[in-house]
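This is a predicted model, so every value here is computed, not measured.
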Amino acid sequence: MRLPEEIILLLLNEESGYLEQVAGWNLSCVLAGAVLADLDLESRIDTAQEMLSLDDASPVGDDLLDPVLAAIAADPEPRSVSYWVEKIAGTSDEILEHALMRLSRHGVLDYTNGGFWSLSRNAAKAGNGTESGESRSIVRRRIVETILGDDIPYPRDAIIIGLADACDAFRFLLQPEDYEASRERIELLGMLDRISRSVAAAVAATSVNRSIGVATKPIPNVSLWKMLRKDSLWQGNTSKLLADLYRDYGPVFAIKSPFSSKRAFVIAGNDANIWVNRNGRMHLRSKETMEGMENVLGASRSLPGMDGAEHFRMRKAFQMASSRSRLNERLGDMLQEIRLALDSWNVGDVLVAKDATRTLMSGQVSRLLFSMDFSDYVDDIHKYKNRMLITYAQKILPKFFMRTPRMKAIRRRIDRVYSMIRNSHTPAQRENQPRDLIDDLISLHDSDPQYFPDTDTRFMMIIPFVAAMYMGTAVGFGLYLMVSHPDIFQRVRREAEALFANGDPGPEDLKEEAIDTAHRLILETLRIYPSVPLQLRTVMNSCIVEGYELPIDSRVVIASTAVHYLEENYPEPEKFDIDRYLPGREEHKKHGAYGAFGFGTHTCLGPRVAEYQMTINLLMIAHYFELEVLPSSYPVKINPFPTCTPRKSLKLRIKSKRPIFPSDRAAGDRETGDREVALTS
């Protein structure tokens with residue numbers, strides 16, 4: 001293990017899922033110093049004097065160290081250690097990301113979607129040894145014991161202590177009384193290594209200056225008239241509109257809302273997406289976007305409105321329910337739910353794509369996550385969610401629009417759903433039943449009612465319905481693209497026939513190669529028609545993105561899917577092409593180039609399981625039906641508010657249907673489902 005990796009393990013905070021919040025530039029210098037110290041230990045450089053000298057330019061064979069060694073070898077000028085610390089600090093983001101991925105590959109860290117990291121079970125078990133029993137890495141325990149003890153440290157540990165002290169990390173790692181008592185020893189041990197002293201000097205000399213007086217570029221304002229001339233605006237294609245504005249104005253620009261005097265600052269492009277992934281947690285928050293919706297539902301906070309450690313903790317509570325492993329445990333139930341929904345589709349029926357696929361997905365999600373069927377409430381929840389987004393998140397409508405008689409009536413129906421969920425999840429009702437999301441949330445409430453009170457549960461239960469609607473939207477667009485490209489439809493149908501040839505497939509049958517065409521169809525659908533084309537945040541700490549400074553308290557639009565319509569990422573971006581995702585092309589794997597599930601800590605909780613579930617739905621539709629678009633030449637139209645959906649004018653007619661159930665079994669299954677809902681109600 002290299003020193004940068006040990007620094008990461010020392011600073012890992014398992015409550016927040018990331019590193020202790022030391023100053024960014026200080027951490028950059030420390031990571032740079034850690035790489036130089038490793039090269040010194042490998043006898044490639046000499047730092048015994050003030051000037052750094054090259055002893056051996058031959059590669060170490062380590063992808064974390066060799067790029068820095070090559071840069072030193074390529075520079076003919078004599079340079080100080082401090083010079084190289086500052087120079088390498090400029091690439092610290094790459095060093096950090098590389099070291100985190102190495103720790104993950106070696107089984108030391110587990111990665112959680114959204115940019116969160118935690119010790120793996122084995123590493124946590126090996127690091128357990130504190131009186132409080134908290135999970136701590138071996139590195140942290142070793143360094144803390146060295147500081148609190150009297151022994152002379154090993155040279156490597158002295159380097160780590162000096163580097164950690166240079167970024168003032170010990171105030172996070174030690175109890176206040178231990179920190180004060182050990183201050184003199186920490187400083188003494190930190191002075192044992194020259195590189196640590198150089199890092200401390202670089203931090204002292206530059207950290208203050210880097211936070212003030214930095215020359216930034218003026219943020220361009222978008223001309224409303226120029227926006228109005230964009231075809232993409234009138235097409236309702238938000239992602240394409242943002243891509244057009246990115247080309248015209250650059251990675252950061254300001255838009256003045258016609259409904260407000262304030263400006264919103266848009267950040268777009270691959271590098272902006274990467275910045276959100278790496279730095280968004282320190283500079284952006286979602287509280288202001290969600291608090292209006294939280295208040296109207298009587299919640300103190302919600303998963304989308306949380307940030308920091310409490311957000312990470314809540315994500316973990318949702319993580320198991322949104323995992324592919326739990327879905328695979330219920331795969332048979334899901335296939336049955338899909339069949340029950342599809343059995344109501346008959347030859348000659350004309351389907352409104354958006355409504356049919358949302359009902360299809362909502363029925364599955366309510367059964368799998370709530371153990372009940374709430375498909376009759378889908379429209380109400382959808383309308384209420386849309387009105388909340390437009391009123392409180394996007395701030396387009398006045399607040400009294402949430403208090404109209406219609407909205408009040410819908411709210412009463414949503415409250416009824418909430419009561420049905422709670423009444424169906426008593427210990428007696430759940431005996432011998434497979435665990436679902438509500439069981440997980442009730443366990444969290446019972447273990448810590450202060451953290452997760454009853455007042456917050458209503459909002460948390462709305463979240464899966466919203467996710468189901470987004471998935472239903474994607475399946476609707478995917479169905480349109482599949483049906484309007486007969487060759488793709490036939491390839492998906494062949495995959496489905498192979499899977500269902502001998503009965504229902506198991507998880508072991510649904511391998512990547514077995515569902516390849518259908519999966520790539522979903523990926524391309526989400527690229528062309530992302531359900532959530534952007535995210536809204538508020539700047540909580542001053543930050544510079546691509547050379548532009550974003551004002552504190554300003555509203556930020558993260559244009560995460562603008563990259564979907566950039567030619568440098570996707571040649572002919574408006575063309576439907578599922579081969580973009582084949583090995584050798586894999587255009588979506590370019591850094592920051594695929595934003596269908598968002599970026600940063602609030603990225604979608606389970607993108608892989610969502611893709612998996614949507615893919616299975618398309619496969620089963622292709623297996624049982626032949627459909628046609630009405631009219632056959634229909635150009636898809638998009639409704640962009642509050643999220644990207646097809647308009648009701650997108651319709652499909654069922655041309656033929658294969659038998660889904662034997663007639664007696666279908667009736668029995670439907671009656672059983674109806675009895676379950678009636679009993680619970």
Side-chain angles (χ1 to χ4, degrees), residues 17 110-118 286 290 301-307 310-335 337-338 358 360-374 378 381 385 421 425 430 433-445 447 452 456-475 507 510 515 519 522-523 526 530-532 535 594-617 643:
D110 287 334
Y111 175 76
T112 304
N113 192 42
F116 297 100
W117 301 86
S118 57
S286 58
M290 301 304 301
R301 64 211 196 295
S302 65
L303 177 63
M306 292 177 175
D307 291 290
E310 67 173 10
H311 174 68
F312 178 50
R313 183 179 177 188
M314 187 60 71
R315 282 180 77 93
K316 288 196 288 187
F318 273 78
Q319 196 70 46
M320 192 59 206
S322 59
S323 68
R324 183 161 171 169
S325 60
R326 184 174 283 186
L327 184 60
N328 277 334
E329 290 172 5
R330 304 283 305 277
L331 181 61
D333 294 337
M334 186 179 79
L335 298 178
E337 285 301 321
I338 296 172
R358 277 184 168 168
L360 173 67
M361 297 305 298
S362 297
Q364 294 163 52
V365 168
S366 60
R367 281 286 191 184
L368 296 173
L369 297 186
F370 302 128
S371 301
M372 299 181 71
D373 181 6
F374 295 118
V378 168
I381 295 172
K385 180 266 298 183
I421 293 172
H425 280 76
R430 298 300 297 156
Q433 297 297 313
R435 193 170 182 86
D436 63 17
L437 173 63
I438 304 305
D439 294 322
D440 293 342
L441 294 180
I442 289 173
S443 295
L444 178 61
H445 167 73
S447 66
F452 187 45
D456 291 353
T457 53
R458 183 184 285 104
F459 198 114
M460 297 303 184
M461 291 177 186
I462 290 289
I463 293 172
F465 281 113
V466 175
M469 291 169 193
Y470 290 152
M471 287 196 291
T473 295
V475 171
L510 293 165
I515 59 175
H519 180 226
I522 284 293
L523 290 176
L526 291 170
S531 300
V532 185
Q535 292 84 48
Y594 195 80
F597 295 102
F599 289 95
T601 56
H602 284 274
T603 187
C604 174
L605 196 63
R608 301 289 81 80
V609 72
E611 291 173 9
Y612 182 58
Q613 188 171 352
M614 291 186 288
T615 298
I616 292 171
N617 275 267
T643 56

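Counting heavy atoms from C-beta outward, Ser443 and Arg435 have side chains that approach closer than 4.5 Å. Put simply, the side chain of Glu337 does not reach to within 4.5 Å of the side chain of Leu368, judged on heavy atoms. Annotation: side chain of Ser118 is in contact with side chain of Asp110 (closest heavy-atom distance under 4.5 Å). When side chains are defined from C-beta on, Ile421 counts as touching Phe374, because their heavy atoms get closer than 4.5 Å. Taking 4.5 Å as the limit, every side-chain heavy atom of Asn113 sits out of range of all side-chain heavy atoms of Arg608. Two residues are said to be in side-chain contact when any heavy atoms from C-beta on lie closer than 4.5 Å; Ile515 and Ile616 fail this criterion. Side chains of Met372 and Ser366 form no contact here, defined as non-hydrogen atoms less than 4.5 Å apart. Between Met361 and Gln613, the closest side-chain pair of non-hydrogen atoms falls below 4.5 Å.
Counted by atom type alone, Ser371 and Arg430 present one or more donor-acceptor pairs between their side chains at under 3.5 Å. Side-chain polar atoms of Ser362 and Arg367 form no donor-acceptor pair below 3.5 angstrom. Side-chain N/O atoms of Asn617 and Gln364 include a donor and acceptor closer than 3.5 Å. In this model, a donor atom of one side chain and an acceptor atom of the other lie less than 3.5 Å apart for Glu611 and His519.
Between Gly363 and Asp373, the closest heavy-atom pair is CA-OD1, 4.3 Å. Across every non-hydrogen atom of Asp439 and Pro434, the tightest pair is OD2-O, 4.1 Å. Heavy-atom minimum distance, Phe459 versus Met290: CZ-CE, 3.6 Å. Closest of all the heavy-atom pairs between Ala317 and Leu444 is CB-CD2, 3.7 Å.
Between the side chain of Ser286 and the main chain of Pro304, a donor-acceptor pair closer than 3.5 Å is present. Checked by atom type and distance alone, the side chain of Asn328 never pairs as donor or acceptor with a backbone atom of Leu331 at under 3.5 Å.
Taking OG1 of Thr457 as the reference point, atom CD1 of Ile442 lies at 8.5 Å (rounded to 0.5 Å). Between the CZ atom in Arg330 and the CG atom in Leu369 there is a gap of 8.5 Å [rounded to 0.5 Å]. Between the OH atom of Tyr612 and the CG atom of Leu327 there is a distance of 6.0 Å, given to the nearest 0.5 Å. Remark: Lys385 NZ to Met469 CE distance equals 6.0 Å, nearest 0.5 Å. Atoms CD1 and CE, from Ile438 and Met461 in turn, are 4.0 Å apart once rounded to the nearest 0.5 Å. Separating the CE atom in Met314 from the CE atom in Met306 is a distance of 4.0 Å, to the nearest 0.5 Å.
The aromatic ring centroids of Tyr470 and Phe465 lie 6.0 Å or more from each other.
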From CA spacing to verdict: side chain to side chain contact (heavy atoms under 4.5 Å, CB included), Tyr111, Phe116: CA-CA 6 Å; Tyr111 175 76; Phe116 297 100; over 6 Å; no
Residues Thr473, Arg358; criterion side chain to side chain donor-acceptor pair (under 3.5 Å); working and verdict: CA-CA 6 Å; Thr473 295; Arg358 277 184 168 168; 3.1 Å; yes
Steps toward side chain to side chain donor-acceptor pair (under 3.5 Å) verdict (Ser322, Arg315): CA-CA 10 Å; Ser322 59; Arg315 282 180 77 93; over 6 Å; no
Would you please test Leu437 and Phe318 for side chain to side chain contact (heavy atoms under 4.5 Å, CB included) and show each step? CA-CA 7 Å; Leu437 173 63; Phe318 273 78; 3.8 Å; yes
Is there a side chain to side chain contact (heavy atoms under 4.5 Å, CB included) between His602 and Leu303? Walk through the geometry before answering. CA-CA 9 Å; His602 284 274; Leu303 177 63; over 6 Å; no
Can you list the steps and then say if Leu526 with Phe597 is a side chain to side chain contact (heavy atoms under 4.5 Å, CB included)? CA-CA 9 Å; Leu526 291 170; Phe597 295 102; 3.7 Å; yes
Arg313 vs Glu310, test: salt bridge (charged side-chain N to carboxylate O under 4.0 Å, His left out). Steps then yes/no. CA-CA 5 Å; Arg313 183 179 177 188; Glu310 67 173 10; over 6 Å; no
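Between Phe452 and His445, the angle of the ring planes goes over 60°, which puts this pair in the perpendicular group of the 30/60° scheme.
For Asp456, the salt bridge (charged side-chain N to carboxylate O under 4.0 Å, His left out) partners two or more places apart in sequence, or in a different chain, are Arg301.
The pair Asp440-Arg326 meets the salt-bridge criterion, with a side-chain N (NZ, NE, NH1 or NH2) lying under 4.0 Å from an Asp/Glu carboxylate O.
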